[in-house]
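So the structure is just underneath, and the comments pick up after that.
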Amino acid sequence: MQDSKPLHRLIYTSRANNPIDTATILTQARRNNAELGITGGLALLDGTFIQYLEGSEGAVNDIFSRICRDPRHRDVRVLEQRAVSQRMFGDWSMTFLAWTDRTKLIFRSFSPGLGLDLYETDPMTAAPLFRAWAATEDWKPLAP
Ligand SMILES: Cc1cc2nc3c(=O)[nH]c(=O)nc-3n(C[C@H](O)[C@H](O)[C@H](O)COP(=O)(O)O)c2cc1C
């Protein structure tokens, strides 16, 4: 994706409300994000989401304020929000993490002692965590 405006990223975690319908969330995300020039990745494990959004600051804030109002989750906790020089997920309007031995090992290596509790992700390691995940092929770019 080509960018004319400065880039911004936002990473947050939240707790899912039941029932969790990731197919619908991803369909909405891909449609809106493509229109707004947002790219990113989403993971869900044991009822906890962690999401990485990147794009212009205005677009990221717009999408994030919609996401915060969404009744399908709660307890939204921002882990990191800052200007960045380049995209991590340039090819994907919103990709979905596949849990494999590798992606679990990566999470554990950044968050030792947390088991697989995404909600407790350290804000300092949130971006490096996504960078390590992004370098794997363990993503579901199409329907989950
Ligand atoms: C965990 C989670 C992640 C979401 N991610 C996105 C996203 O990246 N982009 C997006 O447009 N909507 C996302 N949504 C959905 C928005 O909250 C909202 O429902 C949607 O943007 C409304 O789109 P619509 O007005 O086109 O129906 C997400 C929702 C949840 C619960």
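Counting starts at 1 for both ligands and their atoms, following the listed order. This structure is a prediction, so every number in the text was calculated from the model and none was measured.
Checking T103 against T100 by side-chain atom types alone, a donor-acceptor pair falls below 3.5 Å.
Ring geometry for W133 versus F107: interplanar angle under 30°, hence parallel rather than tilted (30 to 60°).
With sequence neighbours left out, the side chain to side chain donor-acceptor pair (under 3.5 Å) criterion links R77 to no other residue. With sequence neighbours excluded, the residues forming a side chain to side chain donor-acceptor pair (under 3.5 Å) with R74 are N17, listed by chain and number. With sequence neighbours left out, the side chain to side chain donor-acceptor pair (under 3.5 Å) criterion links T39 to E54, R87.
Protein neighbours of ligand 1 below 4.0 Å, counting non-hydrogen atoms: Y12, I25, Q28, A29, R31, N32, N33, F49, Q51, L53, I63, R66, I67, D70, R72, H73, M94.
Put simply, Y119 and L10 are part of two different groups of oily side chains (I, L, V, M, F, W, Y) that touch within less than 4.5 Å, one to the next.
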